[in-house]
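See below for the structure under consideration.
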Amino acid sequence: MTTRSPAPGPAAVTVTWDGANARRLARQHLHPDAAAASPFAEPGDAVAAMLGAHTQVLSAAELSVGLRGDGMTRTDVRTALWTGRTLVKTFGPRGTVHLLPAADLPLWTGALSAVPTGPNPFPENARMTPDQVEEVVAAVGDALTGAELTIGELSDEVVARTGPWAGDLVMPGFQAMWPRWRQVLHLAGHRGALAYAPDRGRKATYTNPGCTPLPGAGALQALIERYLYAYGPATPAHFARWLAAPKRWAAEQFAAQAASGAIEEVTFEEDGPAWVVGGDTDFPDAPVRGVRLLPYFDAFAVASAPRERLFPGAAWERALGGGQAGNFPVLLVDGVVAGVWHQRRSGRRIAVTVEPLKPLTGARLRDLEGQVERVAAIMEGTAELTVGPVTVGPHA
């Protein structure tokens with residue numbers, strides 16, 4: 001519910017957790033009340049609303065997008081990615097692999113390129129100078145223009161364009177040492193010089209998406225406004241964690257936008273000052289009711305804050321692992337995490353097991369059955385539901 005402080009002085013908006021959570025779910029098109037928001041018709045529209053779909057595991061991203069769509073399936077998402085090219089698979093927030101709308105790629109690359117980096121985490125013998133970083137990014141972009149290369153092929157091209165130093169095996173990788181240049185792979189994505197292309201057999205390939213980043217200042221302003229529209233009210237610290245950016249820098253960005261009137265301050269219950277897009281202060285009065293299933297690293301579970309309100313009580317340990325959102329697919333009951341779930345696929349058969357933190361009522365179980373059927377439809381299979389034992393501790 002939205003309330004306003006009495007005079008004297010300017011009216012101050014106070015936002016409740018229930019109101020904020022309901023609006024976030026509605027804008028994500030995840031609100032159980034069908035009247036709250038109509039589903040998205042195109043994968044790109046769903047991905048834009050959620051500010052990127054984490055896609056380290058492509059099937060999880062396909063489900064995240066499909067859950068926000070109107071009859072959307074995993075084939076629709078793959079078609080948008082590899083055929084229609086309305087989606088791009090690249091390095092997004094936090095340097096992790098995301099699906100992003102192709103139309104928004106100039107904005108994303110402009111904003112992500114402008115985010116300051118923290119201290120260099122690599123040993124001194126593995127580091128690159130600023131000039132070497134720029135040389136490698138340019139080499140990556142040149143090598144991938146009009147080409148689709150595996151990481152090995154790309155490495156050969158980068159070393160040939162820069163020098164043997166770029167190929168020094170000084171980067172710890174998965175049971176191997178990687179060449180020096182690999183430490184800026186995600187930066188090349190943030191600069192718009194690299195994105196994923198279709199797999200070649202079991203190997204990932206990369207290409208140059210031909211993107212020219214927007215100027216950083218304007219792109220950052222637009223990204224902050226989109227973030228607050230989707231996940232506000234939020235604080236600079238919430239934004240910094242979502243983006244993996246320095247907190248002080250985020251606070252400076254918010255202060256500049258507040259001074260211009262682009263964003264405005266509200267009171268977010270006992271959490272204190274937070275921000276929304278200027279004038280965007282209407283929130284639902286009714287709390288969320290109903291059941292939803294969200295996959296690994298769903299954007300709503302990762303970005304919503306404060307995290308302890310979305311993962312209350314035992315959900316903090318069972319579904320959050322003490323702080324890392326996304327490690328478990330989650331069961332939402334009345335808008336908050338109330339359990340975990342997992343699936344095992346064999347052909348078209350999808351065995352879904354849901355482990356609630358508290359016993360579900362008959363109405364909730366019927367609602368859950370409908371959600372499992374929807375998951376199966378998106379993933380183009382047939383599902384069988386098992387409601388496992390109530391779990392209240394860490395996963396065994």
Side-chain angles (χ1 to χ4, degrees), residues 1 16-40 46 49-50 60 63-73 269 283-296 298-301 304 307-320 325 328-345 349-393 395:
M1 176 182 296
T16 67
W17 162 256
D18 284 342
N21 195 41
R23 192 174 84 168
R24 291 169 183 169
L25 284 163
R27 288 183 173 179
Q28 293 279 299
H29 291 200
L30 293 172
H31 199 295
D33 183 357
S38 59
F40 295 105
M50 61 202 290
L63 184 52
S64 276
V65 178
L67 287 169
R68 293 160 168 83
D70 183 9
M72 209 177 288
T73 69
E269 283 196 339
F283 289 84
D285 292 323
V288 177
R289 294 287 182 259
V291 173
R292 279 288 184 269
L293 294 174
L294 301 181
Y296 288 107
D298 187 87
F300 175 79
S304 291
R307 200 164 273 176
E308 60 270 18
R309 298 298 297 270
L310 185 63
F311 294 81
W316 183 268
E317 290 297 333
R318 181 64 184 89
L320 194 60
F328 297 96
V330 296
L331 165 70
L332 297 184
V333 175
D334 296 344
V336 298
V337 175
V340 299
W341 66 284
H342 50 92
Q343 59 178 305
R344 179 174 296 177
R345 184 165 190 143
R349 178 179 175 273
I350 305 172
V352 175
T353 301
V354 179
E355 302 176 13
L357 292 168
K358 296 180 181 179
L360 300 177
T361 65
R364 292 284 184 259
L365 285 171
R366 290 189 294 274
D367 199 354
L368 179 60
E369 289 172 354
Q371 292 302 307
V372 170
E373 290 176 0
R374 188 174 182 201
V375 167
I378 293 167
M379 303 309 291
E380 300 172 331
T382 58
E384 296 180 8
L385 169 63
T386 299
V387 179
V390 173
T391 57
V392 295
H395 186 56

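Annotation: cation-pi pair R23/F283 present, NZ/CZ under 6.0 Å from the ring centroid and within 45° of its normal.
Heavy-atom minimum distance, A60 versus P295: O-CG, 3.5 Å. When all heavy atoms are compared, the tightest approach of P284 to G19 is CD-O, 3.4 Å. In plain terms, the two heavy atoms of A376 and A383 that are nearest each other are CB-CB, 3.5 Å. When all heavy atoms of V387 and P356 are compared, the closest pair comes out as CG1-CD, 3.9 Å.
Between the CG atom of D70 and the NE2 atom of H29 there is a distance of 11.0 Å, given to the nearest 0.5 Å. For the atom pair CG (L63) and CD1 (I378), the distance works out to 5.5 Å, reported to the nearest 0.5 Å. Here CG of L368 is found 10.0 Å from CD of E373. Values are rounded to the nearest 0.5 Å. Remark: F328 CZ to D298 CG distance equals 16.0 Å, nearest 0.5 Å. Distance check: E308 CD to L310 CG gives 10.0 Å after rounding to the nearest 0.5 Å. In this structure, L293 CG and Q343 CD are separated by 9.5 Å, a value rounded to the nearest 0.5 Å.
R364 places a side-chain heavy atom less than 4.5 Å from the side chain of D334. Taking 4.5 Å as the limit, every side-chain heavy atom of D367 sits out of range of all side-chain heavy atoms of V333. For the pair L332 and V337, the minimum side-chain heavy-atom distance is below 4.5 Å. For the pair H31/V288, a side-chain contact is recorded, criterion being any heavy-atom separation below 4.5 Å from C-beta on. Side-chain contact between I350 and V375: absent, with no pair of heavy atoms (C-beta onward) separated by less than 4.5 Å. The shortest distance between side-chain heavy atoms of F300 and M50 does not fall below 4.5 Å. Put simply, the side chain of W17 reaches to within 4.5 Å of the side chain of V336, judged on heavy atoms. Side-chain atoms of F311 and V330, non-hydrogen and from C-beta on, do get closer than 4.5 Å to each other.
Formation of a donor-acceptor pair under 3.5 Å by the Q28 side chain with backbone atoms of A49 is found in this model. In terms of modelled atom types and a separation under 3.5 Å, the side chain of R345 and the main chain of M379 share a donor-acceptor contact. With hydrogens and angles ignored, the 3.5 Å screen pairs a side-chain donor or acceptor of R374 with a backbone N or O of L67.
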For this session: Go through the steps to decide whether L294 and L30 satisfy the test side-chain contact (heavy atoms from CB on, under 4.5 Å), and finish with yes or no.
Result: CA-CA 10 Å; L294 301 181; L30 293 172; 4.0 Å; yes

